[in-house]
Amino acid sequence: MSKNSKVLNLKDKISGNEVDLSLSNLTEVPVRELALFTKATVVDLSCNNITSLPPEFCNLTYLVKVDLSKNQLTCLPDDLGNLASLQHLDLYNNKLSVLPVSFSHLRSLKWLDLKDNPLEAVLAKAAGDCLDEKQCKQCATQVLQHMRGLQVEVDRVREKRLLREKELGRKREVKQREREAKEKEARKREKAEEKEKRRKEYNAQMAAVAAREQQKKKSEEKKKKNGQAADKKAAVEKPKPQRSLVGLMFKLLLLLLLGLAGVAAACRLTDLQKEAACVPVNIAVDDGLSWAKEQEGVIRQLVQNLSSAAKEFLESTQATKN
């Protein structure tokens, strides 16, 4: 059956503000079709095989009277309380054990029938009988009162749950902030350690460079000093070989002269003069004395020259030392 045929059939079942869908062998409520007729405030769905009401049924807020008796309902939608205009509700002979907590919001409800349902004991006691108009109205009042008590308890439980969740959320936030603070502190510490490490590396590099520069400078100064010392030593020691050689020759000559003088004196003044070895010595001495007398002027000049040369040599030696 198409949607249009459903709408056509529903129109056929409307009389004034009433829609009669009883004994229609329905297994579900045609909510979409009913929503098209907002003036139909009374709906009879009795004597069908409806097991549940769809959530969309709670959007039919214009309904005033609903008859769902003699069906197979096991539960009602949680948002049933949205039917703010509902005054008359017949749930006779179904399979309901509980009612949704939102049932307490049906403030316009004046008439209710819950007979022949496997209700929970407390709910059944609140509902009582519905054998006449007065009892059905009393049922509506007592059930609403009971459901409001449940609503208060549910609200209290929900409020506790919300408070607990809020407290848990607050604790989670505190832990999260603490964790973030620790992570931030750890990152800050890591950055500080990294910076300190880089600073030490930089200082070590600078110290190494400075040490190399200092070593290089000392090496250059040492080379310079060694060069100056070598030059000075060379300058000081250069004349030494000449001075040493001249001194050695002078000493040898002096020793030779002293030796000859000793031999001459021994051969001239002691008993050795008669020895054959001294004869040539004495002759040489006599010849030397004779020659010396002859060369006295030359010797004097030679002595003067030697004295001047020795004096100049000593002065040059003294200047070199200074």
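Numbering starts at 1 and runs along the sequence shown. No experiment lies behind these values; they were computed from the predicted model shown. The figures here come from the full heavy-atom set of this structure, side chains too, leaving out hydrogens, waters and symmetry mates.
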A.B. asks: Find out whether T51 and T27 are in side-chain contact, i.e. whether some heavy atom of one side chain is under 4.5 Å from a heavy atom of the other.
C.D. replies: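 No - every pair of side-chain heavy atoms lies 4.5 Å or more apart.
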
A.B. asks: How many angstroms lie between CG in D44 and NZ in K13, if you round to the nearest 0.5 Å?
C.D. replies: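 If I round to the nearest 0.5 Å, the distance is 10.5 Å.
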
A.B. asks: Any side-chain heavy atom of K11 within less than 4.5 Å of one from F37?
C.D. replies: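 With C-beta onward as the side chain, the pair touches.
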
A.B. asks: Can you tell me how far the CG atom of L60 sits from the CG atom of L53, to the nearest 0.5 Å?
C.D. replies: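 Spacing of CG (L60) from CG (L53) equals 10.0 Å.
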
A.B. asks: Identify the heavy atoms of L21 and P30 that sit nearest to each other, and give their distance.
C.D. replies: CD1-CG, 3.9 Å

A.B. asks: Decide whether T41 and N17 meet the rule of one side-chain donor and one side-chain acceptor closer than 3.5 Å.
C.D. replies: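 Yes.
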
A.B. asks: Say whether L80 and V31 are linked into one hydrophobic cluster, either directly or through other cluster members, by side-chain heavy-atom distances under 4.5 angstrom.
C.D. replies: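 L80 and V31: one cluster.
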
A.B. asks: Is there a path of hydrophobic side-chain contacts, each under 4.5 Å between heavy atoms of I/L/V/M/F/W/Y residues, joining V98 to L144?
C.D. replies: no

A.B. asks: Treating Ile, Leu, Val, Met, Phe, Trp and Tyr as nodes and any side-chain heavy-atom pair under 4.5 angstrom as an edge, say whether L150 and L162 lie in one connected cluster.
C.D. replies: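 No: no chain of side-chain contacts under 4.5 Å links L150 to L162.
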
A.B. asks: Is D132 salt-bridged to K134, cutoff N-O under 4.0 Å?
C.D. replies: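 No salt bridge links D132 with K134.
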
A.B. asks: Check K182 with E185, please: is the shortest side-chain N to carboxylate O separation under 4.0 Å?
C.D. replies: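 So E185 does not pair with K182 through a salt bridge.
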
A.B. asks: Under 3.5 Å, is there a donor-acceptor pair between the side chain of N48 and the main chain of S46?
C.D. replies: yes

A.B. asks: Give a yes or no on whether D78 atom CG has more than 12 heavy-atom contacts from other residues, nucleotides or ligands under 6.0 Å away.
C.D. replies: no

A.B. asks: Quick test of your reading: applying ring-ring contact (aromatic ring centres under 6.0 Å, His included), list the pairs with at least one residue in residues 83-115, sequence neighbours left out, ordered by first then second residue.
C.D. replies: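 ring-ring contact (aromatic ring centres under 6.0 Å, His included) check on residues 83-115 returns H88-W111.
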
A.B. asks: Answer yes or no: are there more than 12 heavy-atom neighbours, outside E165 itself, under 6.0 Å from its atom CD?
C.D. replies: yes

A.B. asks: Between N25 and N49, is any pair of side-chain heavy atoms under 4.5 Å apart?
C.D. replies: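 Of all side-chain heavy-atom pairs linking N49 with N25, at least one is under 4.5 Å.
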
A.B. asks: Do E221 and K218 sit within salt-bridge range, that is, some charged N less than 4.0 Å from a carboxylate O?
C.D. replies: no

A.B. asks: Determine yes or no for a side-chain-to-main-chain donor-acceptor pair under 3.5 angstrom, with N71 supplying the side chain and I50 the backbone.
C.D. replies: yes

A.B. asks: Would a distance-only check, ignoring hydrogens and angles, find a side-chain to backbone donor-acceptor pair under 3.5 Å from D129 to L131?
C.D. replies: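 Side chain of D129 to backbone of L131: no pair is present.
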
A.B. asks: Using every non-hydrogen atom in the two residues, find where L68 and N94 come nearest and quote the distance to one decimal.
C.D. replies: O-ND2, 3.0 Å

A.B. asks: Taking N82 for its side chain and T61 for its backbone only, find out whether a donor-acceptor pair lies under 3.5 Å.
C.D. replies: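 Side chain of N82 to backbone of T61, a donor-acceptor pair under 3.5 Å: no, none is there.
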
A.B. asks: Taking all non-hydrogen atoms of both residues into account, name the closest pair between V64 and L86 and its distance.
C.D. replies: O-CD1, 3.4 Å

A.B. asks: Does S22 offer a backbone N or O that forms a donor-acceptor pair with the side chain of D20 under 3.5 Å?
C.D. replies: yes

A.B. asks: Hydrophobic cluster membership, with links at side-chain heavy-atom distances under 4.5 Å among I/L/V/M/F/W/Y: are L23 and L34 in one?
C.D. replies: no

A.B. asks: Atom OG of S104 and atom CG of L109: how far apart are they, to the nearest 0.5 Å?
C.D. replies: 11.5 Å

A.B. asks: Taking the side chain as C-beta and beyond, is there a heavy-atom pair between K195 and R199 under 4.5 Å?
C.D. replies: no

A.B. asks: With a 4.0 Å cut-off, would you call E201 and R198 a salt bridge?
C.D. replies: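 No salt bridge links E201 with R198.
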
A.B. asks: Quick one: do R107 and R148 satisfy side chain to side chain contact (heavy atoms under 4.5 Å, CB included)? Show the steps, please.
C.D. replies: CA-CA 10 Å; R107 302 187 184 280; R148 284 168 187 154; 4.2 Å; yes

A.B. asks: Show the numbers, then the answer: is there a side chain to side chain contact (heavy atoms under 4.5 Å, CB included) between L123 and L99?
C.D. replies: CA-CA 9 Å; L123 179 58; L99 298 176; 3.9 Å; yes

A.B. asks: If I take atom CZ from residue R177 and atom NZ from residue K184, how far apart are they, to the nearest 0.5 angstrom?
C.D. replies: 13.5 Å

A.B. asks: Find out whether Q151 and R156 are in side-chain contact, i.e. whether some heavy atom of one side chain is under 4.5 Å from a heavy atom of the other.
C.D. replies: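 Result no, sub-4.5 Å side-chain heavy-atom pair not found.
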
A.B. asks: How many angstroms lie between CD in Q72 and CG in N93, if you round to the nearest 0.5 Å?
C.D. replies: 8.0 Å

A.B. asks: Any sub-3.5 Å donor-acceptor pair from S108's side-chain atoms to A84's backbone N or O?
C.D. replies: yes

A.B. asks: Search all heavy atoms of L96 against all heavy atoms of C75 and return the closest pair with its distance.
C.D. replies: CD2-N, 3.4 Å

A.B. asks: What do the steps show when you test E213 against K216 for salt bridge (Lys or Arg N to Asp or Glu O under 4.0 Å), and what is the final call?
C.D. replies: CA-CA 5 Å; E213 292 294 330; K216 184 178 179 181; 5.4 Å; no

A.B. asks: Grab the two heavy atoms, one from P77 and one from P54, that are nearest each other, plus how far apart they are.
C.D. replies: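 For P77 versus P54, the nearest heavy atoms are CG-O, 4.4 Å.
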
A.B. asks: Under a 4.5 Å side-chain heavy-atom rule over Ile, Leu, Val, Met, Phe, Trp and Tyr, are L73 and V101 clustered together?
C.D. replies: no

A.B. asks: Hey, is the main chain of A211 close enough, under 3.5 Å, to the side chain of Q215 for a donor-acceptor pair?
C.D. replies: no

A.B. asks: Report yes if some heavy atom in the side chain of V66 is under 4.5 Å from a heavy atom in the side chain of F57; otherwise report no.
C.D. replies: yes

A.B. asks: Please report the closest heavy-atom contact between V143 and L114, naming both atoms and the distance.
C.D. replies: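 Minimum heavy-atom separation between V143 and L114: CG2-CD1, 4.1 Å.
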
A.B. asks: Verify salt bridge (Lys or Arg N to Asp or Glu O under 4.0 Å) between R170 and E167, making sure each step is shown before the conclusion.
C.D. replies: CA-CA 5 Å; R170 188 186 66 80; E167 181 64 19; 2.6 Å; yes

A.B. asks: Check whether any side-chain heavy atom of V154 lies under 4.5 Å from a side-chain heavy atom of R158, and answer yes or no.
C.D. replies: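 Contact flag for V154/R158 side chains = yes.
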
A.B. asks: At what distance, to the nearest 0.5 angstrom, does CE of M147 lie from CD of Q142?
C.D. replies: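 Reported to 0.5 Å precision, the distance equals 14.0 Å.
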
A.B. asks: Just by modelled atom types, is the K95 backbone N or O under 3.5 Å from a matching donor or acceptor in the N117 side chain?
C.D. replies: yes

A.B. asks: Given side chains that start at C-beta, do those of V29 and L45 come closer than 4.5 Å, heavy atoms only?
C.D. replies: yes

A.B. asks: For K70, enumerate each residue passing the salt bridge (Lys or Arg N to Asp or Glu O under 4.0 Å) test, keeping only those at least two apart in sequence or located in another chain.
C.D. replies: none

A.B. asks: Quick one: name the residues clustered hydrophobically with V122, using the 4.5 Å side-chain heavy-atom rule over I, L, V, M, F, W, Y, and just say none if it's on its own.
C.D. replies: none

A.B. asks: Using the rule given for side-chain hydrogen bond (donor to acceptor under 3.5 Å, both in side chains), can you reason through Q87 versus K65, listing the C-alpha separation, both sets of side-chain angles and the distance that settles it, and then say yes or no?
C.D. replies: CA-CA 6 Å; Q87 298 179 16; K65 181 178 179 179; over 6 Å; no

